[in-house]
Participant: 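Input: one structure, supplied below.
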Amino acid sequence: MMRALIILLSVPLVAFAQDFSNEDYIYLKRYENIKIELSDHKFDIAKHVSEQAQYLTSKKLYFANEVMHFDSFTSIENIDAYTYLPKFDKKINVDYIETKREFDNGVFYSDQEAKHFTFPAVTEGAITNLNYTEVIKDPHFLGMFRFGTYVPTKHAQLSIEFPKNVTIGYIDFNTEGINLDFKKESLSNSNKYTWTVNNLKGFEGEEDSESALYYLPHIIVYIKSYEENGKVHNVLNDTKDLYKWYASLVKQIDTNALDKVYAIAESVTKNLSSDRDKAEAIFNWVQDNITYVAFEDGLGGFIPRGAASVCEKRYGDCKDMANLLYEMLNHVGITSYRTWIGTRDRHYSYKEVPTPMVDNHMINTVIIDNDTIFLDATDSYVPFGMPSAFTQTKEALLGIDEETFKIITVPAQKPEQSVSKITSHMSLNDETLNVAEQRQLIGYDKVDFISDYTYKKADKTEEEFLNTTLALGNNKTKYTNIKMENFDNKNTPLVINYDLSIENYAKSIGGKYYVNLNIDRTLSQSNIDTKDRKYSKKIDYKFIKEFTTTFDIPNGFKASYIPETLSFDNPDYGFEISYSTEGSKVIQHKSIYVNTLSIQNKDFESWNDFIKSLIKAYKKSIIIEQL
């Protein structure tokens, strides 16, 4: 029996030989087989998973820690896990598996649970084996299969077997660069689809890149329809079916006891006349009074909680907030729509992927005076009229009524909507630069700063926070007299004032002082490594930064040199830095803009030319000398 086991374990190594000798850990195989059965409109779906991995060195033994997630839509059964040690011809079973609830910390609640265990006796040469069955309880959730992972894989295979009266849909992504084999089989009572790929290298993430779904080879499979008694019943044949399912969930929302909700809506809009002002007031109220807490709890992860409950408890998830907005806005006569949407982490469209995989978020939409306004109250700081940054360019599914929906693309916001205006007044005391600076931030620049201040400042002092966030001057920069205005006012720029003292900043050589006015070097660390980079560079939002810097020439000195104007102009990014003198002052005007949300591979060289030109301009100093 043990000899048979050894032969079985060695099959992947022989059949799919590939030199992964420089790796520490590899998958020998990753199989998933989905078996679908149907009887009297009821689906029985089981996914059989089989994984085998080998430790080629002892450097990454942490992979021995295994986690299998499940929730109320799935269950994990028939786990068979063990370690095989070829050196000793020994099989050691996993003897303890712990079930833990995931995410229940007051900020994120989920019914998601996980099976945790550790493969025993893992060392160099060990082969781990895991087999189990995942029972899928809802036919809307077949999910996806990743052919590639962050670990090299010798053999990956997905198969799905289904009755002949069931129609399956599928779409694969990022498979152009792999040799993916697809086979259809007609069995006696069923059909079977199988996708196979061999010898996949591990995929590594990159800084500032899009989410892994943009580049990992994967496939989404789903049940389109089935036929019983001569009639076709759609499950997820197209977007209409997906919306029909969503609409059926909306019908389950608790609409009782809305009097208090309506009273609040009336109260915050009682002195307002225009629909736009009313919508803004309600949106601001929900932002300011409902705390965002993410939920994934069975159908509760899909069905919004009643507006009355959310209003009373003062917390809710994205769906809860969207539904509360829906009830409040419609009550005061502003037609609003519950809106399903995917964040930028998911690059699918509703037409190509008519499954719940396409979206992971819910917002609200109003159309006022032909202006479509997307309302995402989960972002506590985004101003009315701007979508949350992570939903830009995404398709939004507006629920009009039980049967009617509309798909609208959320536009990318213009750079002019996220502007930082920095005004600096500089003076020199020997080699110490003293600066009085003011920053005015609007749009996403303001949202980012306030979010970082709220969630990342922690126990840092104001000076420590600004020093790490702004990184101005050098490591001897000191901040004093820090003041902030309009922190809680979404309609006016955030104003930040502070004084800086930067020791040993100016360079004195031969009676001349060299002073670099570029204490803010935005984007100077943004060069792209074109040799090793594989994926596009993600940019969160378009922006403009405008600087006006005034330097007071000390008494008894004159400006003997000011740099020439330098610029870079591209439709997607650019800058201009110019200098002038006015009496005893040197004035620098600097403008930087980024007008794209992604730098594609074909544009890497152009982007690097931009950054190179910007860094060159940053290095320019003015020269002052005695009269």
Side-chain angles (χ1 to χ4, degrees), residues 207-208 386 389 392 412-426 433 435 437-452 466-474 477 493-498 500 502 515-528 536-551 562-580 586-600 603-622:
E207 186 177 4
D208 296 327
M386 291 184 73
Q392 295 177 101
Q413 301 300 282
K414 297 178 181 179
E416 291 79 10
Q417 293 172 279
S418 296
V419 179
S420 293
K421 292 185 177 181
I422 301 94
T423 304
S424 308
H425 199 127
M426 299 180 175
L433 187 69
V435 185
E437 188 162 277
Q438 180 184 90
R439 289 177 176 253
Q440 295 187 29
L441 314 180
I442 66 170
Y444 295 133
D445 271 357
K446 178 178 178 178
V447 172
D448 262 9
F449 184 90
I450 295 178
S451 296
D452 286 347
L466 290 181
N467 229 330
T468 54
T469 302
L470 301 181
L472 303 178
N474 58 32
T477 300
L494 172 66
V495 179
I496 312 167
N497 290 283
Y498 45 82
L500 303 174
I502 312 175
V515 186
N516 191 313
L517 305 187
N518 298 293
I519 61 172
D520 185 315
R521 301 195 173 193
T522 296
L523 296 178
S524 61
Q525 304 296 318
S526 299
N527 190 72
I528 296 174
S536 61
K537 176 183 175 68
K538 177 186 176 183
I539 296 174
D540 291 333
Y541 55 87
K542 304 176 182 181
F543 62 84
I544 295 174
K545 296 187 184 295
E546 297 177 346
F547 299 79
T548 301
T549 301
T550 301
F551 175 79
I562 62 172
E564 72 278 18
T565 297
L566 292 176
S567 64
F568 186 96
D569 189 22
N570 180 287
D572 290 335
Y573 34 80
F575 76 91
E576 180 175 283
I577 304 179
S578 64
Y579 297 80
S580 63
V586 176
I587 300 174
Q588 181 204 67
H589 291 284
K590 177 167 60 179
S591 178
I592 303 170
Y593 65 89
V594 172
N595 189 32
T596 183
L597 295 180
S598 182
I599 310 300
Q600 299 298 310
D603 298 318
F604 283 176
E605 292 294 344
S606 173
W607 172 267
N608 282 347
D609 288 343
F610 161 54
I611 299 301
K612 182 178 179 180
S613 298
L614 183 59
I615 292 173
K616 179 181 178 181
Y618 281 158
K619 291 180 179 179
K620 299 293 183 180
S621 297
I622 66 171

Participant: Hey, does the side chain of Asn595 reach the backbone of Pro415 with a donor-acceptor pair shorter than 3.5 angstrom?
Facilitator: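 Looks like no, no N/O pair under 3.5 Å.
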Participant: Could you work out, with side-chain contact (heavy atoms from CB on, under 4.5 Å) as the rule, every residue matching Ala471, not counting sequence neighbours?
Facilitator: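 Applying side-chain contact (heavy atoms from CB on, under 4.5 Å) to Ala471 gives none.
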Participant: Enter the distance from Gln525:CD to Asn527:CG here, rounded to the nearest 0.5 Å.
Facilitator: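 Rounded to the nearest 0.5 Å, the CD-CG separation comes out at 9.5 Å.
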Participant: Counting C-beta onward and ignoring hydrogens, is there a side-chain heavy-atom pair between Met426 and Ile519 closer than 4.5 Å?
Facilitator: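 Of all side-chain heavy-atom pairs linking Ile519 with Met426, at least one is under 4.5 Å.
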Participant: To the nearest 0.5 angstrom, please state how far the CD1 atom of Ile611 sits from the OH atom of Tyr573.
Facilitator: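 Going from CD1 on Ile611 over to OH on Tyr573, the span is 9.0 Å.
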Participant: Within the 4.5 Å heavy-atom criterion, are Ile587 and Thr549 side-chain neighbours or not?
Facilitator: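 Result no, sub-4.5 Å side-chain heavy-atom pair not found.
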Participant: Could you tell me whether the side chain of Ser606 and the main chain of Asp603 form a donor-acceptor pair under 3.5 Å?
Facilitator: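 Flag not set: sc Ser606 to bb Asp603 has no pair under 3.5 Å.
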Participant: Taking the side chain as every heavy atom from C-beta outward, state whether Met386 and Tyr444 have any atom pair closer than 4.5 Å.
Facilitator: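 Side chain of Met386 against side chain of Tyr444, heavy atoms only: contact under 4.5 Å found.
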Participant: Quick one: pull up NE2 in His589 and OG in Ser591 and give me the separation to the nearest 0.5 Å.
Facilitator: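 Reported to 0.5 Å precision, the distance equals 11.0 Å.
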Participant: Indicate the atoms forming the closest heavy-atom contact of Gly473 with Ile502, along with that distance.
Facilitator: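 Nearest heavy atoms, Gly473 then Ile502: CA-CD1, 3.9 Å.
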Participant: What's the spacing between Ser578 OG and Leu566 CG if we round to 0.5 Å?
Facilitator: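 Answer for the OG-CG pair, Ser578 versus Leu566, is 10.0 Å.
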Participant: For Ser613, what residues pass the side-chain contact (heavy atoms from CB on, under 4.5 Å) criterion, not counting sequence neighbours?
Facilitator: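 Applying side-chain contact (heavy atoms from CB on, under 4.5 Å) to Ser613 gives Phe568, Phe575.
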Participant: Does Phe604 have any ring-ring contact (aromatic ring centres under 6.0 Å, His included) partners at least two apart in sequence or in another chain, and if so, which?
Facilitator: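 With neighbours one apart ignored, the set is empty.
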Participant: Salt bridge (Lys or Arg N to Asp or Glu O under 4.0 Å) with Asp572: which residues, sequence neighbours excluded?
Facilitator: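 Salt bridge (Lys or Arg N to Asp or Glu O under 4.0 Å) list for Asp572, sorted by chain: empty.
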Participant: Using the side chain to side chain donor-acceptor pair (under 3.5 Å) rule, collect all pairs that involve residues 412-422, keeping only residues at least two apart or in two chains.
Facilitator: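 Qualifying pairs, neighbours excluded: Gln413-Gln417, Ser420-Asp445.
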Participant: Of all residues at least two apart in sequence or in a different chain, which pass the ring-ring contact (aromatic ring centres under 6.0 Å, His included) check with Tyr593?
Facilitator: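 For Tyr593 there are no ring-ring contact (aromatic ring centres under 6.0 Å, His included) partners, ignoring immediate neighbours.
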Participant: May I ask you to check whether Gln600 and Ser598 show a side-chain donor-acceptor distance below 3.5 Å?
Facilitator: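 The criterion, which ignores hydrogens and geometry beyond distance, is satisfied for Ser598 and Gln600.
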Participant: Could I get the full list of side-chain hydrogen bond (donor to acceptor under 3.5 Å, both in side chains) partners for Ser580, not counting sequence neighbours?
Facilitator: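 Checked Ser580 against side-chain hydrogen bond (donor to acceptor under 3.5 Å, both in side chains); zero matches.
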Participant: Taking it one step at a time, do Tyr541 and Val447 satisfy side-chain contact (heavy atoms from CB on, under 4.5 Å)?
Facilitator: CA-CA 11 Å; Tyr541 55 87; Val447 172; over 6 Å; no
Participant: May I ask you to decide whether Asp208 forms a salt bridge with Lys538, counting only side-chain N to carboxylate O separations under 4.0 Å?
Facilitator: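 Salt bridge between Asp208 and Lys538, a charged N being under 4.0 Å from a carboxylate O: no.
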Participant: Rounded to the nearest 0.5 Å, how far apart are CD1 of Ile599 and CD1 of Ile539?
Facilitator: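 Spacing of CD1 (Ile599) from CD1 (Ile539) equals 4.0 Å.
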Participant: Might you work through the side-chain contact (heavy atoms from CB on, under 4.5 Å) test for Leu472 and Leu466, ending with a clear yes or no?
Facilitator: CA-CA 9 Å; Leu472 303 178; Leu466 290 181; over 6 Å; no
Participant: Measure across Leu433 and Phe551 and return the closest heavy-atom pair with its distance rounded to 0.1 Å.
Facilitator: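 Result for this residue pair: CD1-CE1, 4.2 Å.
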Participant: With sequence neighbours left out, write down each residue that passes ring-ring contact (aromatic ring centres under 6.0 Å, His included) with Phe547, or none if nothing qualifies.
Facilitator: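 With neighbours one apart ignored, the set is empty.
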Participant: Between Asp569 and Phe610, is there a side-chain heavy-atom distance shorter than 4.5 Å?
Facilitator: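 When only atoms from C-beta onward are counted, Asp569 and Phe610 do not touch, as no gap falls below 4.5 Å.
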Participant: May I ask you to decide if Lys537's main-chain N or O and Trp607's side chain share a donor-acceptor pair within less than 3.5 Å?
Facilitator: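 No, because the side chain of Trp607 does not come within donor-acceptor range (under 3.5 Å) of the backbone of Lys537.
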Participant: So, do Leu523 and Val594 sit near enough that their side-chain heavy atoms are less than 4.5 Å apart?
Facilitator: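 Of all side-chain heavy-atom pairs linking Val594 with Leu523, at least one is under 4.5 Å.
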Participant: For residues Ile544 and Ile592, determine if any side-chain heavy atom of one lies less than 4.5 Å from a side-chain heavy atom of the other.
Facilitator: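 In short, these two side chains do not touch, never coming nearer than 4.5 Å.
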Participant: Do you see a donor-acceptor pair shorter than 3.5 Å between the side chains of Asn518 and Gln588?
Facilitator: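 Their side chains do contain a donor-acceptor pair, which is all the 3.5 Å distance test asks for.
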Participant: Between Asn608 (side chain only) and Ile528 (backbone N and O only), is there a donor and an acceptor less than 3.5 Å apart?
Facilitator: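 Checked: pair present.
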Participant: Between Thr565 and Ile577, is a side-chain contact (heavy atoms from CB on, under 4.5 Å) present by the stated rule, with each step listed?
Facilitator: CA-CA 6 Å; Thr565 297; Ile577 304 179; over 6 Å; no
Participant: Is any side-chain heavy atom of Ile422 closer than 4.5 Å to one of Glu437?
Facilitator: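 Contact flag for Glu437/Ile422 side chains = yes.
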Participant: With no hydrogens and no angle check, is any side-chain donor or acceptor of Lys545 less than 3.5 Å from a backbone partner on Lys590?
Facilitator: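 Answer holds: no.
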Participant: Side chains of Gln438 and Thr423: any donor to acceptor distance under 3.5 Å?
Facilitator: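 Looking only at side-chain atoms, Gln438 and Thr423 do not form any donor-acceptor pair under 3.5 Å.
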Participant: Suppose we screen for side-chain contact (heavy atoms from CB on, under 4.5 Å). Which residues come up paired with Pro563, at least two apart in sequence or across chains?
Facilitator: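 Once residues adjacent in sequence are excluded, the partners of Pro563 under the side-chain contact (heavy atoms from CB on, under 4.5 Å) criterion are Tyr561, Tyr579, Lys620, Ile622.
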Participant: Would you please name every residue forming a ring-ring contact (aromatic ring centres under 6.0 Å, His included) with Phe543, sequence neighbours left out?
Facilitator: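 ring-ring contact (aromatic ring centres under 6.0 Å, His included) list for Phe543, sorted by chain: empty.
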Participant: Return each pair, listed once, that meets salt bridge (charged side-chain N to carboxylate O under 4.0 Å, His left out) where at least one residue sits in residues 607-617; pairs must be two or more places apart or across chains.
Facilitator: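 Of all non-adjacent pairs touching residues 607-617, none passes salt bridge (charged side-chain N to carboxylate O under 4.0 Å, His left out).
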Participant: Hey, what do you get for CG (Leu470) to OG1 (Thr477), rounding to the nearest 0.5 Å?
Facilitator: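 It is 10.5 Å, given to the nearest 0.5 Å.
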Participant: Does Ile450 have any side-chain contact (heavy atoms from CB on, under 4.5 Å) partners at least two apart in sequence or in another chain, and if so, which?
Facilitator: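 Ile450 satisfies side-chain contact (heavy atoms from CB on, under 4.5 Å) with Tyr381, Lys446, Thr454, Phe487, Leu494 only.
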